[in-house]
Asker: 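Take this structure first; my questions come after.
As a basis for the values below, the full set of heavy atoms in this structure was taken, side chains included, without hydrogen atoms, waters or symmetry mates. We're numbering straight along the sequence, starting at 1. Ligands are counted one by one from 1 in listed order, and the atoms in each one are counted from 1 as well.
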Amino acid sequence: MQEKIIILDFGSQTTQLIGRRVRELDMFCEIVPYNKFPKNDPSVIGVILSGSPYSVYDENAFKMDLSEIRGKYPILGICYGAQFMAYANGGNVEPAGTREYGRANLAKFDKENPLFKGFDENSQVWMSHGDTITALPENFKVIASTDKVTNAAYQAENEKLWGVQFHPEVFHSVQGSLLLKNFVVDICGGKQDWSAASFVETTVAELKKQLGNDRVILGLSGGVDSSVAAVLLNRAIGKNLTCIFVDHGMLRKDEFKNVLHDYECLGLNVIGVDASEKFFKELEGVTEPERKRKIIGAGFIDVFDAEAQKITDAKWLAQGTIYPDRIESLSITGMVIKSHHNVGGLPEKMNLKLCEPLQWLFKDEVRRVGRELGMPAHLIDRHPFPGPGLAVRILGDITREKVRILQEADDIFIKGLREYMVKEADGSETALYNKVWQAGVILLPIKSVGVMGDERTYERAVALRAVTSTDAMTADWAHLPYDFMAKVSNDIINKVKGVNRVCYDISSKPPATIEWE
Ligand code: XMP
């Protein structure tokens, strides 16, 4: 049985981060809404309560029945989680004089407490709270304080129940991972048995059992998630998996051919469908971004469906959905459940059951699993690429000629990123490509004057876009070396017929977005 930590989500923005930190300790964990604790699950070994946008005394604050977990599992409350447990047990929580946000130091802490094993004096922690615990319940004792916050951490006497006002999951809490390790490993007794190898082994065994001799269809996009899902399924059920890879004509230069080749080398049973003609026809003259996306989305489903119908005995549709796609998230306005279907509506339409083997993994774990499965690095380390492809990078209407220009320019930029090596502090080298989250070229809907040889030109402008990010929710423009940009600009203007000007997009997200459309 895969033992696990349950993280009860009270709606904090850092709940997912708690999950990631626990997984980094090679411990399996699940994030569940605060009021959906899985009772009677023997694999649970400990519980963490997250932060929340609410104050405990708010009328609408998220509350749970602590008797479901208290005395049954070791518990760690973080920020609101700590305040809630103190408040619910008769302590006092009040608005702090000033909202405390940022770095603080644990000026005093109980060195004997197992939660702080190995902690340094004055360890830096990250605070982000408007309320403070002004009085602890009777049988709770303070185990750490900062200059400003007396009850920065507490433990219920003779109980495995802790609360911390700071955020150990945040990078700026320097020994935050150590605190989580002390809780998860020492206190809860976690065996740290969650690894890519163990995931592959158990998942392949489960898939064999779940799918038996059934036929499964999977839509490949060329991206990391669907590719890893396919290789995993292939290991479990081999030729009973049929993959469908649709070319809508808006992929990167030679991508359809190259990726199809990669898939075949991996032993996948893939049907490649070149449907570009249909998409170019339907997109003719369309300039409105949302309409372009809709046409491509609907067209994709049509093509996929038509292919899938040919596999008459298929029972399952597999998808590369990953954990962040489906975590039930809470918002201040109430429950918001993120529903996610990569090929929306298809399972119902085709009367297929859904199989999502990566549904518990974070992105970095998907990559680890891919490596474990022996997939080539260039497939695993690929940048994210939007489903509608280059269509969202061509402003205005889409033509084959524009796609060709963009593919050529994009190819020079991406190859350049892969070839340019950056020296690391330890003397090793990393390709610039792996230093950025995502990169691409945008074709602008303008022409401008230039000069080539003795001739005046009037041609297109393109913008290079490269960003750093951890989750695409926020992003900064990548500070690419000038010599690299100079070479790429020169190569694009000299080699791509139809372009005479290259710009670099230096907008961050927000307020801009990564894609231009
Ligand atoms: P934005 O432009 O919103 O992009 O900052 C955030 C991330 O999402 C990708 N993206 C898309 N992916 N279909 C997709 O599958 C889309 O329509 C789409 N639009 C943006 C984008 O490439 C970035 O990684």
Asker: May I ask whether atom 9 (C) of ligand 1 is less than 4.0 Å from at least one protein heavy atom?
Answerer: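 Looking at atom 9 (C) of ligand 1, one finds that no protein heavy atom lies closer than 4.0 Å.
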Asker: Where is the nearest protein heavy atom to atom 12 (N) of ligand 1: which residue, which atom, and how far?
Answerer: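 Result: Pro386 CA, 3.5 Å.
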Asker: I need the nearest protein heavy-atom contact for atom 14 (C) of ligand 1: residue, atom name and distance, please.
Answerer: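 Here the nearest protein heavy atom works out to Gly387 N, 3.2 Å.
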Asker: Looking only at distances, please establish whether an N/O atom of ligand 1 is found under 3.5 Å from an N/O atom of Lys509.
Answerer: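 So ligand 1 has an N or O lying under 3.5 Å from an N or O of Lys509.
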Asker: Check Lys36 with Asp9, please: is the shortest side-chain N to carboxylate O separation under 4.0 Å?
Answerer: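 Looking at Lys36 together with Asp9, the answer is no, because their closest N to O distance does not fall below 4.0 Å.
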Asker: Looking only at protein heavy atoms, which one is nearest to atom 13 (N) of ligand 1, and how far off is it?
Answerer: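 Of the protein heavy atoms, Pro388 CD, 3.3 Å lies nearest.
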Asker: Would you mind checking which non-hydrogen protein atom is closest to atom 20 (C) of ligand 1, with the distance to 0.1 Å?
Answerer: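 Checked against all protein heavy atoms, atom 20 (C) of ligand 1 sits closest to Glu515 CG, 3.7 Å.
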Asker: Look at atom 24 (O) of ligand 1 and say which protein heavy atom is nearest, naming residue and atom and giving the distance to 0.1 Å.
Answerer: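 Scanning the protein heavy atoms, the shortest distance from atom 24 (O) of ligand 1 goes to Gln438 OE1, 2.7 Å.
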Asker: For atom 7 (C) of ligand 1, which protein heavy atom lies nearest, and how many Å away is it?
Answerer: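 Ranked first by proximity to atom 7 (C) of ligand 1 is Ala472 CB, 3.9 Å.
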Asker: Quickly, which of Lys435, Glu424, Lys423 forms a side-chain hydrogen bond (donor to acceptor under 3.5 Å, both in side chains) with Thr430? Name it, please.
Answerer: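 Answer after filtering Lys435, Glu424, Lys423: Glu424.
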Asker: Any idea which of Glu517, Glu290, Arg293, Arg393 brings a heavy atom closest to atom 18 (C) of ligand 1?
Answerer: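 Nearest option to atom 18 (C) of ligand 1, by heavy atoms: Arg293.
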Asker: Rounded to the nearest 0.5 Å, how far does OG of Ser276 lie from NZ of Lys281?
Answerer: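 Atom-to-atom, Lys281:NZ and Ser276:OG are 12.0 Å apart.
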